[in-house]
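Residue numbers begin at 1 in each chain, while the letters A, B, ... track the order of the sequences.
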There are 2 protein chains.
Amino acid sequence: MSDKKISSAVIKRLPRYYRYLGELLENDVVRISSKELSERMHVTASQIRQDLNNFGGFGQQGYGYNVEHLHKEIEKILGLEKTYNVIIVGVGNLGQALANYIDFERKGFVIIGLFDVNPRLVGMTVRGIEVKDIDEMEAFVRENTVDIAVLTLPKAKAPKVATDIVSYGVKGIWNFAPIDLQLRDADATVENVHLSESLMTLSYRLSNTDME
Amino acid sequence: MSDKKISSAVIKRLPRYYRYLGELLENDVVRISSKELSERMHVTASQIRQDLNNFGGFGQQGYGYNVEHLHKEIEKILGLEKTYNVIIVGVGNLGQALANYIDFERKGFVIIGLFDVNPRLVGMTVRGIEVKDIDEMEAFVRENTVDIAVLTLPKAKAPKVATDIVSYGVKGIWNFAPIDLQLRDADATVENVHLSESLMTLSYRLSNTDME
DNA sequence: TAGATTGTTAATCGATTAACAATC
DNA sequence: TAGATTGTTAATCGATTAACAATC
C-alpha cells in the first residue's frame with residue numbers, strides 16, 4: 001500500500017504539524033507557506049516540505065498550502081478520520097485520568113471498557129463506564145472490537161496482560177508501564193509513554209546546565 | 001564544565017540504560033558486557049559503548065562493565081543523586097495521578113506544593129499536601145526552593161503560568177499541556193509530554209500497517 | 001599467557017538543509 | 001507577465017555501525 005518506508009522521525013513530527021494547522025484553522029488562516037509555518041514552528045521550511053512530500057504534493061507553487069486541506073490530509077495520514085475503540089487496563093490514578101481526558105474522545109478514541117484486578121475499583125463507574133474485573137477482559141475483547149488497549153498497571157503485570165490481549169486480537173497497545181513489551185504478533189504495535197524517563201531527561205538538563 | 005555537547009539522542013537513551021542496569025542489579029548480576037546488554041536491549045553493542053564513552057570509560061577491557069558501578073555512574077549523570085522539589089500546577093485528574101505516583105518520590109522528586117484555580121479543589125488534600133490557590137504560588141515559590149514545576153493545566157493557561165513561574169526562578173518545567181512553551185530565560189528548560197501526539201503516532205501505525 | 005572486551009577511530013548510513021528548476 | 005513558492009535533487013551534517021588496536 002505505502003510506497004517507501006516513512007522514517008519514524010517524520011511520523012513523530014506529524015502530530016505537531018497537525019496541531020499547528022489546527023490552530024491556524026481556528027484563527028481562520030486560509031493559506032500558509034512552508035516558510036511562514038517554519039518560523040512559527042522553529043523548524044526549517046525545507047524540512048516541512050520534505051516531510052509533507054513523503055505523503056504527496058499538498059501545496060501549490062507560488063501559493064503555499066491551503067490550511068484546511070493540509071489539516072485534513074494530515075488527519076487522514078494519522079488515521080484520525082476513523083474511530084478507535086479503547087479499553088483501559090489498570091484503573092488507578094493514571095488510568096482514571098486518561099479515562100476522563102475528554103480530548104481523546106474528541107479525536108475519535110472512544111473508551112468502551114475499563115478493567116482492574118483491584119476489587120475496590122471493580123464496580124466503580126468512571127465517565128459512565130463500569131470498571132470490570134480483569135477476568136472478564138477476554139470475553140469482552142472477543143465480543144467487542146477493541147482497537148487499542150491502554151496499559152496503566154504495575155510493571156510486573158504488564159507483560160502477561162500485553163501478551164494475552166494481543167492474542168485476543170488487539171493490535172495497538174499504549175503502554176505506560178516502565179518496561180519494554182515484546183510482542184510476538186508482528187501486526188501488533190506498542191507505543192510507550194515512559195514518564196519516569198521523560199522526567200529523568202529533565203533532571204539531566206537541570207544538573208548539566210553548561211554555563212559557558 | 002561539560003567537554004563536548006552531548007546529543008539529545010544519547011541523553012534520551014540514558015534512562016533506558018539506567019532501567020536495565022537497575023533490573024540487572026535486582027537480579028544480582030555483577031558484570032555485563034556491552035554485547036550481552038545489547039542483546040537484551042535490542043541495540044548494538046557499538047552504540048552502548050559510544051554512548052557511555054561520552055561520559056567516561058566505565059568499563060574494563062576483557063571484563064565488561066560492573067553493573068553496580070555503571071548504574072551508579074548513570075544515576076549521577078542523570079542528576080538522580082540529588083533531590084528535586086516539585087510543585088504541580090493544575091490538580092485535575094492527571095495532576096493528582098502524578099502527585100500520587102510514588103515512584104517519582106522514590107527517585108528523588110519530592111512534591112512540596114499543589115496549586116489550582118478551581119475553588120472546589122483548593123483546600124483538598126492529595127498525598128498529605130493541601131491544594132493551594134494559584135494566587136499563592138508566587139509567594140510559595142519565592143519562599144521555598146522549587147526545582148521543577150509540573151504543568152497539568154489547560155493549554156490556554158499554560159503559557160502565562162510558565163512565564164510567571166520561570167520569572168520567579170524555577171528552572172525546570174515538565175509540561176503536559178498540548179502546546180510549545182517559549183521561555184525567555186535561557187537557563188530554564190522544558191520537557192514536554194504530549195500524550196495526544198503519542199496516541200496519534202499509534203493511530204498512524206494502526207492505519208498504515210503495510211501488509212507486504 | 002590467551003581470550004575477551006573495551007575505548008576509539010574510520011566507514012557507513014540516514015536525516016537535515018540548501019539550492020534551484022518547475023510552475024502556479 | 002513577474003513574483004512567489006513548491007517539489008525535488010544535490011550537498012551537508014550528524015548519528016550509527018563496523019573494525020581493530022589497546023589492554024585487562
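- For A/Glu81 and A/Lys72, the salt-bridge test fails: no basic side-chain N is under 4.0 Å from an acidic carboxylate O.
- Taking B/Tyr204 as the reference, nothing meets the ring pair (Phe, Tyr, Trp, His ring centres under 6.0 Å) condition, with sequence neighbours excluded.
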(request) Go along nucleotides 17-24 of chain D 5' to 3' and tag each nucleotide: B for a protein heavy atom under 4.0 Å from its base, S when only backbone or sugar atoms are that close, - otherwise. (result) BBBB-BBB
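- Under the rule for a salt bridge (Lys or Arg N to Asp or Glu O under 4.0 Å), A/Asp116 has no partner lying at least two apart in sequence or in another chain.
- B/Arg16 contributes a side-chain N or O that, together with a main-chain N or O of B/Met41, makes up a donor-acceptor pair within less than 3.5 Å.
- At a non-hydrogen distance threshold of 4.0 Å, nothing from residues 28-42 of chain A comes into contact with DNA chain C.
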Show every donor-acceptor pair shorter than 3.5 Å between a side-chain atom in residues 82-93 of chain B and any protein atom, with sequence neighbours excluded, or say none if there are none.
residue, atom, partner, partner atom, Å
B/Tyr84, OH, B/Gly79, O, 2.7
B/Asn85, ND2, B/Thr145, O, 2.9

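- For A/Tyr65, a side-chain nitrogen or oxygen approaches OP1 or OP2 of D/dG7 to under 4.0 Å.
- The aromatic rings of B/Phe58 and B/His69 lie perpendicular to each other, with more than 60° between the two planes, well past the 30° mark.
- Ring geometry for A/Tyr18 versus A/His71: interplanar angle under 30°, hence parallel rather than tilted (30 to 60°).
- The side-chain tip of B/Arg31 points at the ring of B/Tyr63 from less than 6.0 angstrom away and within 45° of straight on.
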(request) Using Watson-Crick or G-U wobble pairs with both distances under 3.5 Å, give me DNA chain C in dot-bracket, 5' to 3', with [ ] for crossers and | for pairs to another strand. (result) ..||||||||||||||||||||||
